[in-house]
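To keep things clear, I will list the structure first and then write my remarks on it.
The sequence lines fix the lettering, A, B, ..., with proteins before strands; numbering per chain opens at 1. Since this is a predicted model, take the numbers as computed values, not measurements.
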Amino acid sequence: MQSNTSGQDEADTSTNKAVLKVAVSGPFLTPLDYLDCDNLTETPEMWPRLIGRRVEIPFRNRSLIAIVVAVAPADYALEKIKTILRWIDEEPILHPQDLTFLQWVSDYYHAPMGEVINTALPKRIRGGEEASIHGHDVWTITALGREQLQNLPAKAKAKRALAEQFLTCETPLNREICKAQTASWRKFVNEWLDLGWVSQTSGPCWQEAVAVPGPQHALNSEQQSAVDQVVSHVRSGDGFASFLLQGITGSGKTEVYLAMVEHVLEMGRQVLILVPEIGLTPQMIQRFSAHLQRPIALMHSAMNDTQRHCAWHSVRSGEVSVLMGTRSAVFAPFKDLGLCIIDEEHDTSYKQQDGVRYSARDILVRRAHQLQVPIVLGSATPSLESLFNVDQQRYRLLTLNRRAGTAKPPKIRLIDIRGEKIQEGVGAKLKAAMQKHLQAGQQVLLFLNRRGFAPVLMCHECGWQAQCPSCDANMTLHQGSYHQYLLCHHCGEQMNLPESCPQCGSEELHTVGQGTERLEETIVEWFPEKTVLRIDRDSTRLKGKMEELTQQAQKGEADILIGTQMLAKGHHFPKVTLVGLLDIDQGLFSCDYRATERMAQLLLQVAGRAGRAEDEGEVLVQTHHPQHPLLLKLINEGYGAFAEAALAERKEAHLPPWRFQCLVRCEAHNAQDALDFLNSLKAGLELQWQTLQQESADTVLELWGPVSAPMMRRQGRYRYQLMLASDSRPKLHQLLTLMLPHIYQSPLARKVRWNLDIDPQDMY
DNA sequence: AGCACGCCGACT
DNA sequence: GTCGGCGTGCTC
């Protein structure tokens, strides 16, 4: 390994000519050097206006679009530096504060700037399209038109109808409105344009209409106090502060957000609201739009490139003041951002799991800090990290403990199912409770976090199990509409059921365990006169199906709801009074130390679905471990006590948030290649750590591995990982900064797929 | 990551 | 004699 830290050839020292530093996405740790086709780099005063603009560059034998991130002396041999083909933007597309933020993300996650920019920009912008985007044309009546259009001949009925529309409507007319008046609208509008009676402008690119205002709820004292604390901070211009808003389900967090947003909008500033992937429901958008009475830009995975581009441009130009979006919206540019909100901050969908593995929550806190604006992190069940930050006085705690209206918190009880024969997954006590609640005409929700019919297909004779050919995992049996089939939930591999056991030829193939499909079958059998609705990824695959099913459930058209965790988040089922959790035991003893935290959060989320109206809710939790100390803590003393105990356990075990981790993952078709890469990396890290320790030897570094990933083979690749942990985040980062150029240059690295996961959330 | 170059087997 | 297999190596 060489010790060339820039990863570049030595520059000719006789020249320090300034060149463009261009962030290209690819295996480059640092930006690449290019000469300017217009020689704008000759004038230092111009430099600030060059940084943040897109350029088209020659790259090998093709051309790419990339961003200028700096103007500085060349690091590369001058004769090898190529000249850019053209400037795409006249003005920077990324402003200094955006670049500072992206640079911080690049440094923190040790990801090349080109990759970070790629993650941050919408595809259209990455592809070189113009930054601004306009919707369809709209027309406004002019002063002259106002005089003339009243005096149209009586017999020109169609024309008069359109004119009437122009005279009465206060906002510009679009083609839909005009078309509704007369089929010849285009001819008339063109005629009036020529006469100067109407004028044409570009309308906004979004189509979302502002919802009709709904009833306003007065805030209770708790809510008002939370709003006041944040708003007073905004008003005083004190800059950055982070608040953890901990409010139990039904305590009205959304009203608090709305009141805060309202105040910030009044000041003429913008707001960013991050929501989990599943949380961006039409009801949520409707609620914000109806309350705020202004258009809201959206950004989520179901949107197409045009819609993303539109949202991006609308907030950048300041035309729209509120952006609500999932993870990737954290990168949206703003003209004048005044407040950041992140709802359900504990949700795992905020962590990107491929490419640049960023945590939208963590980097939003940083962004708020850079922009000197407050941030509110909301949750009923905050992450241990955030509670830790409250303890460390980095976050200020705001609590909401009162449920709105008369609703009481549900009673949660553990049901010991040890020794009970429960082939159908529902024990006798839960079944009895279901009967009671159903007889009273109420809804029941059964939660089972396992989709499909059965997780295992097994030969009764020899014990053979249907395995995925490309993963170390069982294939799940699914009951399709026409036939049964086997599906791997990890790689999507699908196949038909074998007629007989491939190992011994026996025809005694049995299904073991239960998924939501089998549960549905059983429940329909038990309660034939009741309507059963199953809501999981399979039953909601079709577009709009999720909406349809949840609305059906909310209207009370179903008696029994069966669902996976997608049912637990963001939906209100006012008639549900009994919630049954069928199997939470996987969460108690997992190799992933975060599993208990997840289990607790999910349990309370699901429990929160019960008894939101007047009727008191009941929650029954089936478990084989009724004595599990953390589970008991959660049920008897609540989430706060659970979190405190869990944090103490983490401290004892030297785990985050007490320690800082980085996971190096590696996969290859050949297992040895992956192991070689990680072993060589480990040796390099040990060596570099020694040099770091020479300055001050007061910190700990633990290297754990290489070990195989919990699922060693996935999609035909062998997967290994090396865990780094330290009690000093700066030291850990220094170590990675020292090590990274070596990794990029290592020939071993090119034979495998590897990535860094800073603050890993999952071990899979 | 792509994409060309390069050096060996089965085909018109 | 060629077409094409995917190993190796480079991109400012």
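- Near-neighbour residues of DNA chain B inside residues 114-122 of chain A, defined by a heavy atom below 4.0 Å, are absent.
- Listed for the A:Arg54 side chain is a donor-acceptor partner under 3.5 Å among the backbone atoms of A:Glu129.
- To the nearest angstrom, C1' of B:dA1 lies 19 Å from NZ of A:Lys751.
- Note on A:Pro58: only backbone sugar-phosphate atoms sit closer than 4.0 angstrom, heavy atoms only; bases stay farther off.
- One can place CD of A:Gln745 at 13 Å from P of C:dT11, the figure rounded to the nearest angstrom.
- Across the protein-nucleic acid pair, A:Asp673 atom CG and C:dG7 atom P stand 12 Å apart, rounded to whole Å.
- Between A:His733 and A:Tyr108, the two ring planes are tilted [angle within 30° to 60°].
- Taking atom OH of residue A:Tyr34 and atom C1' of nucleotide C:dC12, one finds them 5 Å apart after rounding to whole Å.
- Checked by atom type, the side-chain pair A:Thr100/A:Gln370 shows no donor-acceptor distance below 3.5 Å.
- Crowding of A:Arg753 atom CZ: a count of heavy atoms from other residues, nucleotides or ligands under 6.0 Å not exceeding 12.
- Looking at A:Asp536 and A:Thr564, their side chains never bring a donor and an acceptor atom within 3.5 Å of each other.
- Atom CD of A:Glu79 is separated from atom P of C:dC12 by 13 Å (rounded to the nearest Å).
- Atom-to-atom, CH2 of A:Trp754 to C1' of B:dA1 comes out at 13 Å; the value is rounded to the nearest Å.
- For A:Lys80 and C:dC12, the shortest distance from a side-chain N or O to OP1 or OP2 is not below 4.0 Å.
- Centroid-to-centroid, the aromatic rings of A:Tyr34 and A:Phe59 stay 6.0 Å apart or farther.
- Between A:Met299 and A:Trp312, the closest side-chain pair of non-hydrogen atoms falls below 4.5 Å.
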Each nucleotide N or O in nucleotides 2-7 of chain B that has a protein N or O under 3.5 Å away: list the pair and distance.
residue : atom : partner : partner atom : Å
B:dG2   : N2   : A:Arg60 : NH1          : 3.1
B:dA4   : OP1  : A:Asn61 : ND2          : 3.1

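- C:dT11 atom C1' lies 16 Å from atom CG of A:Asp75, rounded to whole Å.
- Whole-Å rounding puts the A:Asp33 CG to C:dC12 C1' distance at 6 Å.
- Residue A:Lys751 qualifies as open at atom NZ: its count of foreign heavy atoms under 6.0 Å is 12 or below.
- Residues passing the disulfide (SG to SG under 2.5 Å) test with A:Cys310 are A:Cys205, sequence neighbours excluded.
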